[in-house]
Asks: 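Handing you this structure, nothing more for now.
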Amino acid sequence: MDMGKKTNIRGRNKKMATKIDVNLGHIQKTLFLPLWGRAMESKKPHPLLFDDLAVKIIDSVNFDFSLMSKNLDDITQIAWIKRSLICDQVIKKFLNHNPKGTIVNIGCGLDTTFERIDNGYLTWYDLDLPDVIELRRKFIKESVRRKFIASSFLEKAWLSEIEIKEKALFITIGILYYFHEQEIKDFIITLINTYPGSELLIDVCSPLGMKIANKKVVESSGLDKKSNLVWGLKNKKDI
């Protein structure tokens with residue numbers, strides 16, 4: 001009797017890469033916006049800015065970027081790149097005069113500026129809320145000249161953790177417009193009183209730009225309205 005042929009099929013066990021879970025607050029999640037922008041730019045044939053770490057992070061985290069890819073236009077993405085390039089220029093100019101200077105990146109998120117501008121002598125501090133710093137440690141390591149501080153920038157205790165060499169440059173990019181004017185005013189006054197003679201680099205948007213950004217960027221990216229911008233500046237002289 002013909003019993004037929006017995007076929008032995010050996011399947012291959014494909015090892016699936018485990019995505020890193022993201023447990024961030026509403027405002028903290030906005031860090032993925034510029035990160036996504038740098039990653040998308042880096043994948044172009046001739047990028048204005050290359051950030052291989054941003055690409056790695058985008059591919060590694062358990063976060064849905066589909067709405068960003070679908071709804072955000074090229075102008076928005078390029079704006080984040082231009083902002084990074086301008087920030088790099090300001091820092092490099094500062095380091096030309098203060099090669100051993102101290103730079104404090106306030107609200108660092110998953111920013112990778114240090115990787116682009118490190119001159120081998122500067123001292124760098126990355127400051128953000130504890131949940132952000134916890135995620136940051138999964139991709140970026142501290143070193144002798146690069147330290148992490150887990151704190152809100154509105155607190156004052158972290159200011160005593162800063163060691164100033166030569167001169168200090170504080171940068172807070174993409175952060176202040178998520179806070180109220182009085183909070184921002186108190187922060188700037190505290191910084192001036194604690195480290196007189198230091199420099200501060202910030203970015204702002206107008207009240208109209210704030211409304212457009214909330215609709216066209218934040219909410220279109222799938223982020224909650226709790227992630228919306230709340231502070232716009234009409235005239236920079238008001239600072």
Side-chain angles (χ1 to χ4, degrees), residues 22-44 47-51 53-90 105-113 116 126-129 131-132 135-136 139 152-154 171-181 183-184 187 201-236 238-239:
V22 174
N23 298 299
L24 298 175
H26 293 289
I27 293 178
Q28 293 92 301
K29 287 181 182 177
T30 60
L31 63 82
F32 286 119
L33 293 168
L35 179 76
W36 174 86
R38 296 197 308 275
M40 294 304 100
E41 181 68 21
S42 300
K43 292 181 178 181
K44 295 179 180 179
L48 296 172
L49 178 150
F50 182 71
D51 190 340
L53 182 55
V55 176
K56 176 185 176 182
I57 295 173
I58 288 291
D59 293 338
S60 301
V61 294
N62 186 18
F63 189 84
D64 185 4
F65 293 96
S66 60
L67 288 179
M68 291 185 195
S69 300
K70 178 182 178 182
N71 296 332
L72 298 186
D73 56 33
D74 292 340
I75 295 298
T76 299
Q77 189 249 320
I78 290 297
W80 286 319
I81 300 304
K82 185 62 176 177
R83 185 175 69 180
S84 293
L85 293 174
I86 292 173
C87 185
D88 289 356
Q89 291 172 1
V90 172
N105 190 8
I106 298 171
C108 60
L110 292 173
D111 177 71
T112 54
T113 303
R116 297 192 301 273
D126 283 315
L127 181 144
D128 214 316
L129 293 170
D131 54 352
V132 176
L135 178 61
R136 188 174 181 82
F139 301 101
S152 165
F153 75 94
L154 299 176
I171 59 175
T172 173
I173 304 300
I175 302 300
L176 295 186
Y177 31 68
Y178 295 106
F179 296 85
H180 296 285
E181 183 173 302
E183 294 176 307
I184 298 166
F187 159 68
L201 173 64
I202 68 173
D203 67 326
V204 299
C205 70
S206 68
L208 177 59
M210 178 184 69
K211 293 178 181 179
I212 294 173
N214 285 339
K215 289 294 182 184
K216 297 290 186 180
V217 180
V218 177
E219 294 174 24
S220 294
S221 300
L223 297 176
D224 193 278
K225 286 187 177 182
K226 293 179 181 179
S227 302
N228 278 350
L229 287 64
V230 297
W231 177 66
L233 185 68
K234 268 190 174 182
N235 191 333
K236 65 182 180 181
D238 290 344
I239 293 289

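Remember, predicted model here, so these are calculated numbers, not experimental data.
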Asks: Please check if atom NZ in Lys225 has more than 12 non-hydrogen atoms from other residues, nucleotides or ligands closer than 6.0 Å.
Replies: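 It does not: Lys225 NZ has 12 such atoms or fewer within range.
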
Asks: Could you check Phe65 against Leu72 for side-chain contact (heavy atoms from CB on, under 4.5 Å), going step by step and ending with a plain yes or no?
Replies: CA-CA 11 Å; Phe65 293 96; Leu72 298 186; over 6 Å; no

Asks: So, Thr172 side chain and Ile175 main chain: donor-acceptor pair closer than 3.5 Å or not?
Replies: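 No, Thr172 side chain to Ile175 backbone: no donor-acceptor pair under 3.5 Å.
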
Asks: Between Asp224 and Ser227, does any side-chain donor sit less than 3.5 Å from a side-chain acceptor?
Replies: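 There is no such pair (donor and acceptor under 3.5 Å, judged by atom type) between the side chains of Asp224 and Ser227.
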
Asks: Would you indicate whether the side-chain heavy atoms of Ile78 and Glu41 approach each other to under 4.5 Å?
Replies: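 Heavy-atom side-chain distance check passes, below 4.5 Å.
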
Asks: Could you go through the side-chain contact (heavy atoms from CB on, under 4.5 Å) check for Ile184 and His180 one step at a time?
Replies: CA-CA 6 Å; Ile184 298 166; His180 296 285; over 6 Å; no

Asks: Which heavy atom in Leu67 sits nearest to a heavy atom in Gly222, and how many Å separate them?
Replies: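 The answer is CD1-CA, 3.6 Å.
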
Asks: Would you say the ring centers of Tyr177 and Phe179 fall short of 6.0 Å from each other?
Replies: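 They do not qualify: ring centres at least 6.0 Å apart.
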
Asks: Testing the basics here: between Ser220 and Asn71, what is the closest heavy-atom pair and its distance to 0.1 Å?
Replies: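 Minimum heavy-atom contact is O-ND2, 2.8 Å.
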
Asks: What I'd like to find out is whether the side chain of Leu24 reaches to under 4.5 Å of the side chain of Phe63, using heavy atoms alone.
Replies: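 No. Closest side-chain heavy atoms not under 4.5 Å.
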
Asks: For a 4.5 angstrom cut-off between non-hydrogen side-chain atoms, does Asn228 reach Tyr178?
Replies: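 No - every pair of side-chain heavy atoms lies 4.5 Å or more apart.
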
Asks: Is the shortest heavy-atom distance from the side chain of Phe32 to the side chain of Val22 under 4.5 Å?
Replies: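 They are in side-chain contact.
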
Asks: Please examine the side chains of Leu33 and Ser221, heavy atoms only from C-beta on, and report whether any two atoms are closer than 4.5 Å.
Replies: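 They are in side-chain contact.
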
Asks: Under 6.0 Å from the CG atom of Asp238, do we count more than 12 heavy atoms belonging to anything else shown?
Replies: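 Result for CG/Asp238: enclosed.
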
Asks: Without hydrogens or angle criteria, can the side chains of Asn105 and Asp111 be said to hold a donor-acceptor pair below 3.5 Å?
Replies: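 Asp111 and Asn105 do have a side-chain donor-acceptor pair below 3.5 Å.
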
Asks: Taking the side chain as every heavy atom from C-beta outward, state whether Leu201 and Ile173 have any atom pair closer than 4.5 Å.
Replies: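 Contact flag for Leu201/Ile173 side chains = yes.
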
Asks: So, taking the atom named CD in Glu183 and the one named CG in Leu154, what distance separates them when rounded to the nearest 0.5 Å?
Replies: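 Going from CD on Glu183 over to CG on Leu154, the span is 5.0 Å.
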
Asks: Go through Arg83 and Asp203 one step at a time and tell me if the salt bridge (Lys or Arg N to Asp or Glu O under 4.0 Å) criterion holds.
Replies: CA-CA 9 Å; Arg83 185 175 69 180; Asp203 67 326; 3.1 Å; yes

Asks: Begin with the C-alpha distance, continue with both residues' side-chain angles, and end with the deciding distance and a verdict on side-chain contact (heavy atoms from CB on, under 4.5 Å) for Thr113 and Ser84.
Replies: CA-CA 8 Å; Thr113 303; Ser84 293; 6.0 Å; no

Asks: Give me the atom names and distance for the closest heavy-atom approach of Leu229 to Cys205.
Replies: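 In this case the closest contact between Leu229 and Cys205 is CD2-SG, 3.8 Å.
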
Asks: Classify the side-chain pair Asn214/Glu219 by whether it contains a donor and acceptor separated by less than 3.5 Å.
Replies: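 No, Glu219 and Asn214 have no side-chain donor paired with an acceptor closer than 3.5 Å.
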
Asks: Is the shortest distance from a Lys or Arg side-chain nitrogen in Arg136 or Asp126 to a carboxylate oxygen in the other one below 4.0 Å?
Replies: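 Salt bridge present between Arg136 and Asp126.
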
Asks: Would Asp51 and Thr112 count as having a side-chain donor-acceptor pair, cut-off 3.5 Å?
Replies: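 Thr112 and Asp51 do have a side-chain donor-acceptor pair below 3.5 Å.
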
Asks: Atom CH2 of Trp80 and atom CG of Leu49: how far apart are they, to the nearest 0.5 Å?
Replies: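 The CH2 atom of Trp80 sits 14.0 Å away from the CG atom of Leu49.
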
Asks: When rounded to the nearest 0.5 angstrom, what distance separates CD1 in Ile212 from CE in Met210?
Replies: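 Rounded to the nearest 0.5 Å, the CD1-CE separation comes to 10.5 Å.
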
Asks: Determine, step by step, whether Lys216 and Thr76 satisfy the side-chain contact (heavy atoms from CB on, under 4.5 Å) criterion, reporting the C-alpha distance in whole Å, the side-chain angles of both residues, the deciding distance to 0.1 Å, and the verdict.
Replies: CA-CA 9 Å; Lys216 297 290 186 180; Thr76 299; over 6 Å; no

Asks: Would you name the heavy atoms of Leu110 and Arg38 that are closest together and state the gap between them?
Replies: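 Shortest heavy-atom separation between Leu110 and Arg38 comes out as O-NH2, 3.0 Å.
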
Asks: A side-chain contact here means heavy atoms from C-beta on lying under 4.5 Å apart; do Leu233 and Trp231 qualify?
Replies: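 Sidechains of Trp231 and Leu233: in contact.
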
Asks: Hey, does Ile106 have a side-chain heavy atom less than 4.5 Å from the side chain of Phe187?
Replies: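 Yes. Closest side-chain heavy atoms under 4.5 Å.
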
Asks: Where is the tightest heavy-atom contact between Leu48 and Leu85, given as atom of each residue plus distance?
Replies: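 Smallest interatomic distance, heavy atoms only, reads O-CD2, 3.9 Å.
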
Asks: What's the spacing between Ser42 OG and Lys56 NZ if we round to 0.5 Å?
Replies: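 Here the interatomic distance stands at 14.5 Å.
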
Asks: Show the nearest heavy-atom pair for residues Gly25 and Asp131, with the distance to one decimal.
Replies: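 Scanning both residues completely, I find the closest heavy atoms to be N-OD2, 3.2 Å.
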
Asks: So, taking the atom named CE in Met68 and the one named CG in Leu223, what distance separates them when rounded to the nearest 0.5 Å?
Replies: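 Rounded to the nearest 0.5 Å, the CE-CG separation comes out at 5.5 Å.
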
Asks: What is the distance from atom CZ of Phe50 to atom NZ of Lys43, rounded to the nearest 0.5 Å?
Replies: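 One finds 11.0 Å between CZ of Phe50 and NZ of Lys43.
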
